[in-house]
J.: 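Encoded as structure tokens, here's the structure I'll be asking about.
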Amino acid sequence: MFRDAPCCRALVTLDAAGDSYGVLPRPCRALVLLNPHSGAGRALEDFQAVVQPMLAEAEVTASVFVTERPHHAHEKVRDEDLSQWDTLVVMSGDGLLYEVVNGLMERPDWDEAMKKPLCILPGGSGNALAASINYYAGNDHVAKKKLLMNCTFLLCKGLHTQMDLVSLSTASGKRLFSFLGFGWGFISDVDIDSEKYRWLGNARFTLGTLQCLAKLRVYHGRLSYLPLGPTAQGTPRDPVTNAPRALPPDSLLVPLGQPVPAHWTVVPEEEFVTVYAIYQSHLGTNLLMAPAARLHDGCIHLFYLKAGISRAALLRIFLAMARGTHLDLNCPHLCYVPVRAFRLEPRTSAGIMTVDGEALASEPVQGQVHGRLCRVVCGCCSPPPCFWGVIVPPCSASCWS
């Protein structure tokens, strides 16, 4: 069903928006990085039963690399000769893709390496990016094997486009690149505290939410941000630097030891239940946190919950988030603002921070969006008028168009 598609070698640039869309070649060589212990531990079994037959039909040759330890995928892609592969496929949860992105960004040729299309196949518990890409493609909400089949079908079709990344800098000197979100407080507590229930799959988050509600905590810190202004709509372009292969500069940020610039907004409250900066639509398979988000909208969707919210109201927010209607509740404690950059300064080292679902030590951190820094396999919201010719429509629109 895939072999005769004459669009398999098309590459199109849409000059009006500066968006480039491409299609993987046929035959296609894919390096699949697979964590057999992610989620409920069925990733390898599901890959063999569901994914491999579809890839074979689409003339995608998969070489499977099974990870054996933390950071294994990070090391693999950092040192790999990427000329062997047309795409890098991650069959796991979001954490393994986080490893891959940061491994690629450590390469001397990172700018070329990040042009290699990435693909996420859901094999973990949360599967937020997979759910987001399924949503951007205009597909119905699905989970588990149906979501896996949808994402594999997108890989078989092979359309890929650009995706924003967010650069995060910590007080201890770390610089990390994130594709999904940064969290502090309740949401991060649920994510990390529920790790012991991985065998439950996505249900681990329901159990974790109930447990964290029972011991609801308040976090003290200062939150600042640079709003997405009317002249900043769309993905910002990074300034050109003279240094060869230099990582993109965080031109919107000042050092963490200095006050934020005067044109930033400082949140007056300093007691929070949670802070979450998300750049995709979904926080998890069943949590539509930022319905307006798109792959390259140049926007960080910043949510924060102020202290004083009741457990019942907090539960109502997360139940509504399953439908993406949580902002319709008009809860006075829930705040949302689209931003280009943010800074969070916890008052103590207590608490958990997460980036793309992975735990970080609690310390001052700031981040800014970097537009179209990598490429990802995606879908189209509607059939192109000439899919195998020269017209390929965007699979997403700016969140402010």
Side-chain angles (χ1 to χ4, degrees), residues 126 128 131-132 135 141 180-194 202-228 264-294 297 299-347 350-354 357 362 365 367 399-400:
S132 298
Y135 172 75
H141 169 72
L180 175 60
F182 166 83
W184 178 59
F186 182 84
I187 292 175
S188 296
D189 291 347
V190 170
D191 198 357
I192 301 304
D193 289 352
S194 66
N202 190 63
R204 76 178 239 214
F205 298 113
T206 302
L207 180 56
T209 297
L210 295 175
Q211 290 184 333
C212 289
L213 275 173
K215 53 179 182 180
L216 192 60
R217 300 172 59 184
V218 172
Y219 293 84
H220 300 266
R222 175 176 293 177
L223 177 64
S224 313
Y225 57 82
L226 175 62
L228 185 74
W264 281 46
T265 298
V266 179
V267 176
E269 296 86 2
E270 295 195 357
E271 293 186 338
F272 303 95
V273 170
T274 196
V275 174
Y276 206 89
I278 191 169
Y279 352 116
Q280 306 296 340
S281 60
H282 282 68
L283 179 62
T285 305
N286 298 314
L287 291 173
L288 179 53
M289 189 173 196
R294 294 297 182 266
D297 58 15
C299 181
I300 298 171
H301 301 266
L302 180 62
F303 292 82
Y304 57 95
L305 266 169
K306 296 178 288 186
I309 187 171
S310 68
R311 289 177 174 83
L314 183 56
L315 182 59
R316 282 195 295 272
I317 286 173
F318 279 92
L319 291 174
M321 199 179 291
R323 304 180 300 276
T325 59
H326 44 294
L327 291 175
D328 296 341
L329 298 176
N330 295 316
C331 174
H333 296 90
L334 176 61
C335 300
Y336 162 69
V337 59
V339 306
R340 297 180 67 193
F342 71 93
R343 177 187 287 188
L344 178 63
E345 299 167 281
R347 294 306 187 201
I352 298 172
M353 288 182 169
T354 54
S362 182
V365 62
C399 67
W400 305 112

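On a predicted model such as this, the values are computed, not experimentally measured, just so you know. Atom set for the values below is all heavy atoms of this structure, side chains included, hydrogens, waters and symmetry mates excluded.
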J.: Throw together a table of side-chain donor-acceptor distances under 3.5 angstrom for residues 212-220, partners on residues two or more places apart or in other chains.
T.:
unit_1	atom_1	unit_2	atom_2	d
Arg217	NH1	Tyr219	OH	3.4
Tyr219	OH	Asp189	OD1	3.1
Tyr219	OH	Asp189	OD2	2.4

J.: With ring pair (Phe, Tyr, Trp, His ring centres under 6.0 Å) as the test, would you mind laying out the steps for Tyr304 and Phe342 before giving the verdict?
T.: CA-CA 12 Å; Tyr304 57 95; Phe342 71 93; over 10 Å; no
J.: Can you name the closest pair of heavy atoms from Ala131 and Gly284 and give their distance?
T.: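 Heavy-atom minimum between the residues: CB-O, 4.2 Å.
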J.: Rounded to the nearest 0.5 Å, what separates atom CE in Met353 from atom OG in Ser188?
T.: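 Reported value, rounded in 0.5 Å steps: 8.5 Å.
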J.: Would a 4.5 Å heavy-atom cut-off, applied to side chains only, mark Asp193 and Gln211 as touching?
T.: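 They are not in side-chain contact.
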J.: Once side chain to side chain contact (heavy atoms under 4.5 Å, CB included) is applied, do any residues pair with Thr285, and if so which ones, sequence neighbours excluded?
T.: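 Thr285 satisfies side chain to side chain contact (heavy atoms under 4.5 Å, CB included) with Asn127, His141, Ala143, Leu147, Asn202 only.
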J.: Scan residues 310-335 for pairs that pass salt bridge (charged side-chain N to carboxylate O under 4.0 Å, His left out), counting only residues two or more places apart or in two chains.
T.: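 Listed by first then second residue: nothing to list.
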J.: Measuring from Thr209:OG1 to Ile187:CD1, what's the distance to the nearest 0.5 Å?
T.: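 The CD1 atom of Ile187 is 9.0 Å from OG1 of Thr209, to the nearest 0.5 Å.
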J.: So Phe186 and Leu305, side-chain contact (heavy atoms from CB on, under 4.5 Å) or not? Walk me through it.
T.: CA-CA 9 Å; Phe186 182 84; Leu305 266 169; over 6 Å; no
J.: Applying side chain to side chain contact (heavy atoms under 4.5 Å, CB included), name anything that partners Leu288, two or more places apart in sequence or on another chain.
T.: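 Partners of Leu288 by the side chain to side chain contact (heavy atoms under 4.5 Å, CB included) criterion, ordered by chain and then number, come out as Tyr135, Ser281, His282, Pro291.
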J.: Taking side chain to side chain donor-acceptor pair (under 3.5 Å) as the criterion, tell me which of Tyr336, Tyr276, Tyr279 meets it with His301.
T.: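 Testing His301 for a side chain to side chain donor-acceptor pair (under 3.5 Å) against Tyr336, Tyr276, Tyr279 leaves exactly one candidate, Tyr336.
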J.: Which value, rounded to the nearest 0.5 Å, describes the distance between Ile300 atom CD1 and Tyr225 atom OH?
T.: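 Output value for this atom pair is 13.0 Å.
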J.: Among residues at least two apart in sequence or on other chains, which ones pass ring-ring contact (aromatic ring centres under 6.0 Å, His included) with His326?
T.: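 Applying ring-ring contact (aromatic ring centres under 6.0 Å, His included) to His326 gives Phe303.
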J.: What pair of heavy atoms forms the shortest contact from Gly357 to Asp191, and how long is it?
T.: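 The answer is CA-OD2, 3.2 Å.
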J.: Which side-chain N or O atoms in residues 264-272 pair as donor and acceptor under 3.5 Å with protein atoms at least two apart or in another chain?
T.:
unit_1	atom_1	unit_2	atom_2	d
Glu270	OE1	Arg347	NE	3.4
Glu270	OE1	Arg347	NH2	2.9
Glu270	OE2	Arg222	NE	3.4
Glu270	OE2	Arg347	NH2	3.1

J.: Are Leu228 and Val339 close enough that some pair of their side-chain heavy atoms sits under 4.5 Å apart?
T.: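 Of all side-chain heavy-atom pairs linking Val339 with Leu228, none is under 4.5 Å.
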J.: Quick check: do Leu314 and Thr274 have side-chain heavy atoms less than 4.5 Å from each other?
T.: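 Leu314 vs Thr274: side chains apart.
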J.: Quick one: CD1 on Ile278 to SG on Cys299, what's the gap to the nearest 0.5 Å?
T.: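 Rounded to the nearest 0.5 Å, the CD1-SG separation comes out at 11.0 Å.
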J.: State the CG-CG distance between Leu223 and Leu302, to the nearest 0.5 angstrom.
T.: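 If I round to the nearest 0.5 Å, the distance is 5.5 Å.
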J.: Is there a side-chain contact between Thr206 and Asn286, using heavy atoms and a 4.5 Å cut-off?
T.: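 Contact flag for Thr206/Asn286 side chains = no.
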J.: Tell me, do His333 and Val273 make a side-chain contact under 4.5 Å, heavy atoms counted?
T.: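 The answer is no; the side chains never approach within 4.5 Å.
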